[in-house]
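Heads up, the thing below is written out as C-alpha cells.
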Amino acid sequence: MRILLFFGIAFLLVSCAKETATKIEVDPEFQPFVDSFIAEAAKRGIEIDFEETGLSLTFGEVPANANGVCTGLRENISSTHEIIIDRNRWKGDNEFEKERLIYHELGHCHLLRGHISDTLANGEFASIMRGVPPNGFGYRSFNMTGVRRTYYIDELFNKTVEKPDWASLTANYDDISEDQKELLFEVENKVELFRSTDLSGDFEVEMEFVYTNDFLNNALGFYWSGFGDKSMGFIFSGSNLFIVNRLEGYGVLRAYESFNGFRLNQPCKLTVRRIDDKYFYFANEQFLYWSQVEPLKSNAVELYQNGTFQYEVPRLSVKRLI
C-alpha cells in the first residue's frame, strides 16, 4: 500500500512539473519576436519547441537600469524560462531594439548564455549577449544592420563562430584625392541649410565648423536623405559624437561618448563618404567607422543645429566621387 502511495505521489509530482514546464504565457507584444527567434534558429539547424520547456514572457518589474530580466539565469544550469520586460522602456524602443532585447533574454533563458563583455577589432560588441558596455562606446548604440545582423545572430546560436572580417575594415581619408571629386554645391558661413542635390551614386558630405562655447545640451552636424525618421546623420552633441540611421527606424548606430577629437575654438571637420555599398565616417580626417548603405528617402542635405550656443560653419560641401 505504501509503495502504491509513493508511486501515486511521484506521478502527481511529475505531472505537475510537466504542466508547469510546458506552460506558455507570452504577451502578444512579444510573440512576433519569439516567432522570429525560432525561425532564425531553424535557419541554423536548431529546433526550438517551447512546448517542451515552457515559456513565460510578460511585462513586470525589473531591476534598476535593466530593460528585461531572465529570472532563472544561471550559466549552463537549467533555466525557468521566465522573462520579465520593463513596459516603459519597451515603449521607448524601436522595433530593432525590441528584437535585440527579446533575443538577448531568450539567449539567457533558453540558450543558457551569460553576459559577455568582449569587443571586436573595431570596438563594437562581440555579441548581443553583451553586459556592461566598454568605456566610451555609448550604452544604447548597437548596429545590427546588414552583414552585422547576420554575424550577431550566428554568434547568438553559436558562440564559437569566427569573428567577422567587417570588424577590421578601415579607410584612409587621403584614399580619395580632390581630382576624384566633382563639386555639386558648397556654401560658406551658413547657419541654416536644407538643399536637394544628387545623392544617387558615390558622394562626400563634408562640414567644417568651429564652436566657441560649451556643447553641453547642444548639437551640430548634418543629415542627408531628408530629416527626422527619413535621415542619416552625423552629429556632435554634448561632447558626444553620434552616427544615426533613421531610414528604417534603426536609431543610433554608433555613439562615441566624451569624444575628444574636437576642441573649443579650433577648426573641426565631419566627413561622410559613400563608396559603393558603404558609408565611411571621418572626424578631422581620421577614420572612425563604416556602416551599410540603404536606399535613401530623398536627395536632401540639411545642416542641423539645436541649442543656444555659438558656432561657425565656414564650409559645407557635397561632392560626387568619380
Side-chain angles (χ1 to χ4, degrees), residues 17-116 125-133 138-146 148-159 229 245-253:
K18 183 177 181 181
E19 182 180 349
T20 301
T22 58
K23 178 182 177 182
I24 295 181
E25 182 183 6
V26 177
D27 189 286
E29 289 265 346
F30 309 133
Q31 191 63 56
F33 304 104
V34 174
D35 292 342
S36 69
F37 180 84
I38 294 171
E40 292 291 352
K43 292 177 186 177
R44 293 157 177 83
I46 300 171
E47 182 180 354
I48 293 178
D49 185 0
F50 290 118
E51 292 288 345
E52 296 180 355
T53 62
L55 178 63
S56 174
L57 183 46
T58 59
F59 287 114
E61 294 186 6
V62 302
N65 299 320
N67 289 1
V69 61
C70 168
T71 63
L73 173 62
R74 295 291 187 277
E75 185 77 5
N76 297 323
I77 297 177
S78 181
S79 165
T80 63
H81 279 73
E82 180 182 8
I83 297 170
I84 300 172
I85 302 296
D86 181 81
R87 187 184 296 273
N88 290 330
R89 296 296 293 272
W90 179 265
K91 288 181 178 179
D93 283 346
N94 61 43
E95 292 301 299
F96 304 94
E97 292 165 336
K98 289 177 179 177
E99 176 189 67
R100 180 164 51 86
L101 174 59
I102 299 303
Y103 281 24
H104 178 100
E105 298 305 334
L106 286 171
H108 285 321
C109 270
H110 188 76
L111 303 177
L112 306 180
R113 295 284 306 268
H115 284 143
I116 177 173
F125 298 115
S127 173
I128 66 171
M129 298 309 301
R130 64 109 182 100
V132 177
Y139 185 78
R140 291 177 63 78
S141 65
F142 202 109
N143 186 355
M144 275 187 69
T145 63
R148 285 173 169 86
R149 185 177 189 275
T150 299
Y151 160 75
Y152 281 118
I153 297 179
D154 284 345
E155 194 281 336
L156 176 64
F157 291 104
N158 175 15
K159 58 185 177 182
D229 61 359
N245 179 348
R246 295 196 178 100
L247 291 176
E248 302 296 337
Y250 294 118
V252 176
L253 296 183

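Position 1 is the first residue of the sequence, and the numbers go up from there.
- H108 approaches C70 most closely through the heavy-atom pair CB-CB, 3.7 Å.
- To the nearest 0.5 Å, atom OG of residue S36 and atom CD1 of residue I153 are 7.5 Å apart.
- Here I24 contributes atom CD1 and T53 contributes atom OG1; the two are 7.0 Å apart, rounded to the nearest 0.5 Å.
- Here the side chains of E29 and K91 are not in contact, with every heavy-atom distance at 4.5 Å or above.
- When the side-chain contact (heavy atoms from CB on, under 4.5 Å) test is applied to E25, the partners found at least two apart in sequence or on another chain are K23, S56, T58.
- Note on ring orientation: taking the six-membered ring where Trp is involved, the planes of F37 and H110 are perpendicular (angle over 60°, cut-offs 30° and 60°).
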field: Chi angles and distances behind the side-chain contact (heavy atoms from CB on, under 4.5 Å) call for F96, N245
entry: CA-CA 12 Å; F96 304 94; N245 179 348; over 6 Å; no
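- A search for side-chain hydrogen bond (donor to acceptor under 3.5 Å, both in side chains) contacts involving E99 returns R149, not counting sequence neighbours.
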query: Which is it for L101 and W90 under the side-chain contact (heavy atoms from CB on, under 4.5 Å) test, yes or no, and what are the steps along the way?
result: CA-CA 9 Å; L101 174 59; W90 179 265; 4.0 Å; yes
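- Every residue two or more places apart in sequence or in another chain that forms a side-chain hydrogen bond (donor to acceptor under 3.5 Å, both in side chains) with R44 is listed here: E40, D154.
- With rounding to the nearest 0.5 angstrom, the OH atom of Y250 is 10.0 Å from the CG atom of N94.
- With a 4.5 Å cut-off on side-chain heavy atoms, M129 and H104 count as touching.
- I84 and V62 get closest at one heavy-atom pair: O-CG1, 3.5 Å.
- Y103 contributes atom OH, which lies 15.0 Å from atom CZ of R113 (distance to the nearest 0.5 angstrom).
- By the side-chain hydrogen bond (donor to acceptor under 3.5 Å, both in side chains) test, Y151 pairs with no residue at all, sequence neighbours left out.
- For the salt bridge (charged side-chain N to carboxylate O under 4.0 Å, His left out) test, residues two or more places apart in sequence or in another chain that qualify with E95 are K98.
- I83 is not listed as a side-chain neighbour of F30, based on a closest heavy-atom distance of 4.5 Å or more.
- Aromatic ring pairs are classed by plane angle as parallel below 30°, tilted from 30° to 60° and perpendicular above 60°; the pair Y152 and F142 is tilted.
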query: Can you list the steps and then say if R100 with R130 is a side-chain contact (heavy atoms from CB on, under 4.5 Å)?
result: CA-CA 11 Å; R100 180 164 51 86; R130 64 109 182 100; 4.1 Å; yes
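- With sequence neighbours excluded, the residues that form a side-chain contact (heavy atoms from CB on, under 4.5 Å) with N88 are D86.
- Among residues two or more places apart in sequence or in another chain, the side-chain hydrogen bond (donor to acceptor under 3.5 Å, both in side chains) test is passed with D27 by none.
- A search for side-chain contact (heavy atoms from CB on, under 4.5 Å) contacts involving P28 returns nothing, not counting sequence neighbours.
- Between F50 and L106, some side-chain heavy-atom pair lies under the 4.5 Å cut-off.
- Atom CZ in F125 sits 11.5 Å away from atom CD1 in I116 (nearest 0.5 Å).
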field: Derivation of the side-chain contact (heavy atoms from CB on, under 4.5 Å) call for I85 and I102
entry: CA-CA 9 Å; I85 302 296; I102 299 303; 4.1 Å; yes
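- Between the CZ atom in R246 and the CG atom in L253 there is a gap of 10.5 Å [rounded to 0.5 Å].
- Taking each heavy atom of S127 and E155 in turn, the nearest pair found is OG-OE1, 2.7 Å.
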